A.B. asks: 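One structure follows; several queries about it will come next.
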There are 2 protein chains.
Amino acid sequence: MAAGGSERFEKIQMPAAYRLVAEAIEREIVTGRLRAGEAIGTEVELGRQFGVNRSTVREGIRALEEGGYVSRGPDRRLYASLPRYSRLSSRMSRAMVLHEVTFRELYDATLALEMATVAHAVVNVGEESLAAMEKNIAESEAVMDDPVRLCELDTDFHALLAKAAGNRVLELAREPASLLFFPTAEMICRRLPEGAPRMLQAHRLILDALRAHDAAAAATWMRRHLVDWRKGFERAGRDLDEPVERVYARTLAPPGE
Amino acid sequence: MAAGGSERFEKIQMPAAYRLVAEAIEREIVTGRLRAGEAIGTEVELGRQFGVNRSTVREGIRALEEGGYVSRGPDRRLYASLPRYSRLSSRMSRAMVLHEVTFRELYDATLALEMATVAHAVVNVGEESLAAMEKNIAESEAVMDDPVRLCELDTDFHALLAKAAGNRVLELAREPASLLFFPTAEMICRRLPEGAPRMLQAHRLILDALRAHDAAAAATWMRRHLVDWRKGFERAGRDLDEPVERVYARTLAPPGE
DNA sequence: TCCCATGGTTTGTCCGACAAAGTCAATCGA
DNA sequence: TCGATTGACTTTGTCGGACAAACCATGGGA
């Protein structure tokens, strides 16, 4: 045979049938011919339409299910569906951990993302968002001595802020970093007693600034809030240039749902 | 039976076996016990270990394959692998399109993300990145009359910039928006003859600023570059509040690989 | 009218089988 | 001796059929 690279024809390869099945169904959804919530049909029926065995259909379905394009109803039947943001975000977060990004990368990116988010929120925030954040802060005050719960609420606070910003692209862009960044606050609150109150204070002042549509104050307090995290991180004896621990990947991405 | 909601015990449900298989393998990879590139074993072998049928193993594998945690080598055997960024990004982009985000959301988010990116790039840019961007600009100058190719190079330029910034979290955060944003420049270049030269000039000036580590100039030109896009978009008669067209989803996300 | 039984439908899993394609080693020819 | 060819072995992709469990609707009985 001739040496590699100088052939006239490339090797022709047939995609596997299950992949064609998956792509066909995915295309229907992406192009809008199949809308979210519509029933796809039974496995046997799909097998008949595509002219393949049920096992082959099932393998295609598995791929789509993982991608979030189809899901099972309570009756276990197949319905078209749109990929959920939260799922994509946790996958990204996991990928970041597996690729061993450092806390410095996480901090720098979060700083940029949260500053942009709060700037938009100051302009676009509505009453319901203000109420939700108010509720979040009240709940936080009630669990000051529970670092785990407190950090969940911290993550939620920033997610609410992002929703208040009214920009889903930005919201989605910040979420993967956020899911890794804010949980680390738990470790800081555990080691530094002043961590939790400072966090709460920052949240409250950010909320006040939003309510007053005061962009400068909001930016100032968000920055301080994040710089606080950094100081706390370093004071807790950690190095910004360590990679994020694998542990954080395990709590993410509800594997099935 | 009792009415719903007041039962003492929740319904106990067994996850499907193929899901358990997928989760078990995924866990091995996430926790690092299985490293990327390592062989997983054959389907028959896995079936033997898990005590399930080969078909069941295959369904589990499909899910993992879609998630990017395993991949097939040239010999078609199974190897552990890490989810590729590019794949996650295109999935996010597709999801944004399907959720009908508007050009305004895209523009605002891109502005924030690219400004942050260029700010980091000014500090961290290295020789290889400068060279790659130089090459990109030279190539762009050679295809000024081909909007499609030109826009690919535009997208690439900003990706190179992001790589130059040396922050993978930021790089990953900006990519989904970027994959939708820059392709729209094609439409603008097609309608406005001054579009392409202005784009090139902006790229060149940004590159010069990076080389001189001049943060102010880099920020200025990036901003102008993006504002130009916006002006072009509006001058082309488009409305920022339209949702991004479904068409853009179809060119994304190489479905299998 | 309300409850339960019953049957039909669909999924999840198993078994066995085979062709295609890849791997590896031994064999044959120059 | 070295390289190409052959052929056995392995593994995947697909098929067909089978069955238990879970769900749904329907109809009969209290």
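Here is the naming used below: chain letters follow the sequence lines, and residue numbers restart at 1 for every chain. In this text the structure is predicted, and so the values were computed from the model without any measurement.
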A.B. asks: Would you say the ring centers of A:F181 and A:H158 fall short of 6.0 Å from each other?
C.D. replies: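 When the ring centroids of A:F181 and A:H158 are compared, they turn out to be at least 6.0 Å apart.
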A.B. asks: Atom CZ of A:R72 and atom P of D:dC23: how far apart are they, to the nearest Å?
C.D. replies: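 For the pair A:R72 CZ and D:dC23 P, the rounded distance is 13 Å.
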A.B. asks: Which part of the nucleic acid does B:S55 contact within heavy-atom distance under 4.0 Å: base, sugar-phosphate only, or nothing?
C.D. replies: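 Base contact - B:S55 has a heavy atom under 4.0 Å of at least one base atom.
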A.B. asks: Whole angstrom is fine here: how far is it from CG in B:L78 over to C1' in C:dT23?
C.D. replies: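 From B:L78 CG to C:dT23 C1': 16 Å.
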A.B. asks: I need the OH-P distance between B:Y79 and C:dG22, as an integer number of Å.
C.D. replies: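 For the pair B:Y79 OH and C:dG22 P, the rounded distance is 14 Å.
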A.B. asks: Whole angstroms only, please: what is the CZ-C1' distance between A:R77 and C:dT11?
C.D. replies: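 Atom CZ in A:R77 sits about 10 Å away from atom C1' in C:dT11.
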A.B. asks: Looking at A:L180 and A:S93, what are the two nearest heavy atoms and their distance?
C.D. replies: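 So the two residues come closest at CD1-O, 3.7 Å.
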A.B. asks: Do the side-chain N or O atoms of A:N53 get closer than 4.0 angstrom to the phosphate oxygens (OP1, OP2) of D:dT14?
C.D. replies: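 Answer no for this pair, as no side-chain N or O of A:N53 is under 4.0 Å from OP1 or OP2.
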A.B. asks: From CZ of A:F50 over to P of D:dT14, roughly how many Å is that when rounded to an integer?
C.D. replies: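 The answer, rounded to whole Å, is 13 Å.
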A.B. asks: Quiz question: by atom type and distance under 3.5 Å, do the side chains of B:H203 and B:N136 form a donor-acceptor pair?
C.D. replies: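 No pair is found: no donor N or O on one side chain lies under 3.5 Å from an acceptor on the other.
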A.B. asks: Please state how far atom CZ in A:R76 lies from atom C1' in C:dG12, giving the value in whole angstrom units.
C.D. replies: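 After rounding, the reported distance stands at 7 Å.
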A.B. asks: Tell me whether the side-chain N/O atoms of A:T42 come closer than 4.0 Å to OP1 or OP2 in C:dT9.
C.D. replies: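 A:T42 to C:dT9 OP1/OP2: no side-chain N or O under 4.0 Å.
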A.B. asks: Return the value, rounded to whole Å, for the distance between atom OH of A:Y18 and atom C1' of D:dT12.
C.D. replies: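 One finds 10 Å between C1' of D:dT12 and OH of A:Y18, rounded.
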A.B. asks: Over all strands shown, is B:R58 touching base, sugar-phosphate only, or nothing at heavy-atom distances under 4.0 angstrom?
C.D. replies: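 The residue B:R58 makes base contact.
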A.B. asks: Per the atom types in the model, does the base of C:dT13 pair as donor or acceptor with the side chain of A:R54 at under 3.5 Å?
C.D. replies: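 It does, because a donor-acceptor pair links the side chain of A:R54 to the base of C:dT13 below 3.5 Å.
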A.B. asks: Taking side chain to side chain contact (heavy atoms under 4.5 Å, CB included) as the criterion, tell me which of A:D154, A:D156, A:L150 meets it with A:S140.
C.D. replies: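 Of the listed options, the one satisfying the test is A:L150.
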A.B. asks: I'd like to know if B:D75 reaches the base of C:dG22 with its side chain, counting only an N/O donor and acceptor under 3.5 Å.
C.D. replies: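 Looking at the base of C:dG22, it does not pair with any donor or acceptor on the side chain of B:D75 (distance under 3.5 Å).
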A.B. asks: I need the CD-P distance between A:E59 and C:dT11, as an integer number of Å.
C.D. replies: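 Value for this atom pair: 16 Å.
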A.B. asks: Does B:R62 count as lying over the ring of A:Y18, i.e. NZ or CZ under 6.0 Å from the six-ring centre, within 45 degrees of the axis?
C.D. replies: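 Ring-cation test returns yes.
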